[in-house]
J.: 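Following this message is one structure expressed as C-alpha cells.
In what follows, chains carry the letters A, B, and so on, assigned in the order in which the sequence lines appear, proteins first and then strands, with residues in each chain numbered from 1. Values below: every heavy atom of this structure, side chains too, minus hydrogens, waters and symmetry copies.
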Protein chains: 2
Amino acid sequence: MARKPGSRSDITGPRIRAAARRLFARHGFAAVSMRQIAAEVGVQAGALYLYTPDKETMLVDLLKDHMDELIVAWDAAAPGGGPLERLQAFVRFHIAFNLDHADAVFLSYMELRNLGPENFAVIEGLRRDYENRLEAILTAGQGTGLFAVPDTKLATMAIIAMLNGVNTWYREGGRLSRAAVGDIYWDMVRKAVAA
Amino acid sequence: MARKPGSRSDITGPRIRAAARRLFARHGFAAVSMRQIAAEVGVQAGALYLYTPDKETMLVDLLKDHMDELIVAWDAAAPGGGPLERLQAFVRFHIAFNLDHADAVFLSYMELRNLGPENFAVIEGLRRDYENRLEAILTAGQGTGLFAVPDTKLATMAIIAMLNGVNTWYREGGRLSRAAVGDIYWDMVRKAVAA
DNA sequence: AGAGTATCTGAACGCCCGTTCAATACAATC
DNA sequence: GATTGTATTGAACGGGCGTTCAGATACTCT
C-alpha cells in the first residue's frame with residue numbers, strides 16, 4: 001500500500017488537527033498517542049509527520065492558532081462607545097466564543113505545562129494580549145468614575161476566570177440558553193465593577 | 001539488595017503521596033511514570049505497589065483525600081451569623097485553602113478526565129457537596145433580601161471559578177499579600193451579589 | 001537468639017511509545 | 001499518456017511504560 005485514492009493534504013491536514021484537538025482536550029496531551037490520532041483520521045501514524053515535525057509542535061500550533069483566532073475575533077466584534085457597553089460586549093463575546101471553541105479553550109489552559117519554555121512564552125504572551133484588552137476597558141471606566149474596582153489587574157483576572165467557568169458546566173439544551181447565561185453573567189460582572 | 005535501613009511504611013507512604021501529588025500537578029497524570037515517582041522518593045518502582053494497587057487508584061486517593069480535607073476544613077472554619085459574614089468567611093477561606101493546597105486543587109480540576117466513571121462520580125459528588133455549602137449561603141441571603149443574584153446556582157459557579165482563578169496568578173512575595181487579595185476579591189464578590 | 005513480619009530490590013513480562021524511511025500508489029501537470 | 005510531484009504505507013528503531021514477583025535484608029517481638 002501507499003498513497004490512497006482521493007488523498008489531498010488540504011483535506012487530511014485539517015482532519016488531523018481536528019482529531020488532535022478533540023483527543024488532546026478529551027484525554028490530555030500526554031495520554032494521547034500519535035497512533036490514536038492517526039486512527040481517528042484513518043491513516044497510519046507515519047503519515048502525521050507530513051503535517052507536523054513532532055507531537056509538541058502539533059500542540060503548540062493548535063494553541064497558537066486558537067489564541068490568534070480569539071484575538072482577531074474580539075477585535076472584529078469589539079464595539080466603540082462607553083466602557084459599560086464595551087464591557088458588556090466583552091462578557092457576551094467571551095462566553096460565546098469559549099462555548100464555540102470549548103476543546104481549544106480547555107487545551108489552552110490545561111496543556112501549557114507540556115510546552116517548552118519558549119513555546120510557553122509565546123502562548124502566555126498572546127493570552128496577556130487578550131487580557132489587556134479587557135483591562136483597558138476597566139481602566140477606561142475607572143478613569144471616568146463609572147467603575148470602582150480595587151485593582152484593575154485583579155479585576156481582569158477575576159472576570160476572565162469567572163467567565164471561563166461557564167465552559168465547565170454549560171450543556172447545550174440545558175436549563176438556560178446561551179443568551180440567558182450571558183444576561184446573568186453580565187448582571188454579576190456589571191455589579192462587581194460598579195462604582 | 002532488599003529492605004533498606006530505617007525503612008518504615010508510615011514514612012515512605014506519605015513521601016510517595018507527596019511526590020505523586022507534586023509530579024502529577026506539575027506534568028500531568030499521564031506524563032508521569034511510576035518510575036519517576038519512585039525515583040523522587042528514592043525507591044524502586046516496584047516498591048510503590050506496597051502502597052497502592054495501581055496508578056489510577058493513587059490519583060483518585062489523592063483527589064478524594066483533598067476533597068475530604070477541604071470540606072472538613074470549611075465546616076470547622078465556617079462561622080455562624082448572617083449571610084454576609086458567612087459569605088465573606090467563605091471567600092477568604094476558599095482563597096487561603098486553595099493557595100495552601102495548590103497542587104491538589106490543580107489536580108482535582110485537571111485530572112478528573114483520567115478517572116473511570118465511578119471514581120469520577122465520587123469526586124464530582126464531593127465537589128458538589130462543597131459547592132452546595134456556598135449555594136446555601138447565597139440562598140439564605142437571597143431569602144432575606146440581602147442578596148439579589150439572578151440565579152443562585154450560576155452565582156455559586158461564578159464565585160467559585162473566580163476564586164479558583166487566584167491560584168493561576170498568585171505568587172508568594174508578589175505585589176499583594178494574601179490578606180490584600182482576600183480583601184479585593186471579597187469587595188468584588190460582595191458587590192456582585194448585592195441587592 | 002531466633003522467628004516472624006515488614007520493606008524493598010532487581011529483573012523480567014508484554015506492550016505501547018514517538019519517530020524515521022524506503023517503497024509505492026495515486027494526483028496533477030503538460 | 002508520460003512524467004513529475006504528493007500522499008501514504010508498513011516495518012522497523014530504541015526506549016519507556018505499568019505491573020508482578022521471588023529473593024534478600026531489616027526491623028519487631030518474644
J.: Would you list the pairs meeting side-chain hydrogen bond (donor to acceptor under 3.5 Å, both in side chains) in which at least one residue belongs to residues 20-32 of chain A, sequence neighbours left out?
T.: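 As it turns out, the side-chain hydrogen bond (donor to acceptor under 3.5 Å, both in side chains) pairs with a partner in residues 20-32 of chain A, which skip direct neighbours, are R22(A)-E40(A).
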J.: Taking only N/O atoms, report every protein-nucleotides 27-30 of chain D pair under 3.5 Å with atom names and distance.
T.:
unit_1, atom_1, unit_2, atom_2, d
dC27(D), OP1, G6(B), N, 2.8

J.: Look at the aromatic rings of Y130(B) and F93(B) and report parallel, tilted or perpendicular, splitting at 30° and 60°.
T.: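 Because their plane-to-plane angle lies in the 30° to 60° range, the rings of Y130(B) and F93(B) count as tilted.
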J.: Could you identify which residues of residues 46-64 of chain B place a heavy atom less than 4.0 Å from some atom of DNA chain D, listed by residue number, or say none?
T.: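 Nucleic-acid contacts, sorted: G46(B), Y49(B), D54(B), K55(B).
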J.: Rounding to a whole Å, what distance do you find between Q44(B):CD and dA24(D):C1'?
T.: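 Rounded to the whole Å, the gap is 14 Å.
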J.: Any idea which of dG18(C), dC8(C), dT19(D) is nearest the M34(B) side chain?
T.: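 My answer, after comparing the listed nucleotides, is dT19(D).
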J.: Residues two or more places apart in sequence or in another chain: which of them pass side-chain contact (heavy atoms from CB on, under 4.5 Å) with Q142(B)?
T.: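 Only F147(B), V149(B) meet the side-chain contact (heavy atoms from CB on, under 4.5 Å) criterion with Q142(B).
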J.: Output a table of donor-acceptor pairs, distance under 3.5 Å, between side-chain atoms of residues 96-104 of chain A and any protein atom two or more places apart or on a different chain; print 'none' if there are none.
T.:
unit_1, atom_1, unit_2, atom_2, d
N98(A), ND2, H94(A), NE2, 3.2
N98(A), ND2, N164(A), OD1, 2.9
D100(A), OD1, R178(A), NH1, 3.0
D100(A), OD1, R178(A), NH2, 3.4
H101(A), ND1, F97(A), O, 2.9
H101(A), NE2, E69(A), OE2, 3.1

J.: Could you check whether any side-chain heavy atom of V105(A) comes within less than 4.5 Å of a side-chain heavy atom of L70(A), counting everything from C-beta outward?
T.: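 They are not in side-chain contact.
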J.: Can you name the side chain to side chain donor-acceptor pair (under 3.5 Å) partners of R128(B), sequence neighbours left out?
T.: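 If we apply the side chain to side chain donor-acceptor pair (under 3.5 Å) test to R128(B), skipping adjacent residues, there are no hits.
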J.: Using a distance-only criterion (donor-acceptor N/O pair, under 3.5 Å, no hydrogens), is the base of dG18(C) paired with the side chain of R35(A)?
T.: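 Counting by modelled atom types and ignoring angles, a donor-acceptor contact under 3.5 Å is found here.
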J.: So V41(B), base contact, sugar-phosphate only, or nothing? Heavy-atom distance under 4.0 Å.
T.: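 It contacts nothing in the nucleic acid.
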J.: Mind checking what makes side-chain contact (heavy atoms from CB on, under 4.5 Å) contact with R8(B), not counting sequence neighbours?
T.: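 For R8(B), the residues satisfying side-chain contact (heavy atoms from CB on, under 4.5 Å) (neighbours in sequence not counted) are D10(B), I11(B).
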J.: Output all residues satisfying side chain to side chain donor-acceptor pair (under 3.5 Å) with R15(A), sequence neighbours left out; order by chain, then residue number.
T.: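 Expected list: none.
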J.: Please tabulate, for side-chain N and O atoms in residues 58-68 of chain B, each donor-acceptor pair with protein atoms closer than 3.5 Å (sequence neighbours left out).
T.:
unit_1, atom_1, unit_2, atom_2, d
K64(B), NZ, D68(B), OD2, 3.1

J.: Which pairs with one or both residues in residues 73-88 of chain B pass side-chain hydrogen bond (donor to acceptor under 3.5 Å, both in side chains), sequence neighbours excluded?
T.: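 Every side-chain hydrogen bond (donor to acceptor under 3.5 Å, both in side chains) pair that includes a residue of residues 73-88 of chain B, provided the two are not neighbours, is D75(B)-R133(B), Q88(B)-R92(B).
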J.: What residues, two or more places apart in sequence or in another chain, satisfy side chain to side chain donor-acceptor pair (under 3.5 Å) together with T139(A)?
T.: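 For T139(A) there are no side chain to side chain donor-acceptor pair (under 3.5 Å) partners, ignoring immediate neighbours.
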J.: What residues from residues 9-20 of chain A pass a heavy-atom cutoff of under 4.0 Å to DNA chain D?
T.: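 Contacting residues: S9(A), T12(A).
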J.: Between S33(B) and dC17(D), is there a contact of a side-chain N or O with OP1 or OP2 at under 4.0 Å?
T.: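 Yes, such a contact exists.
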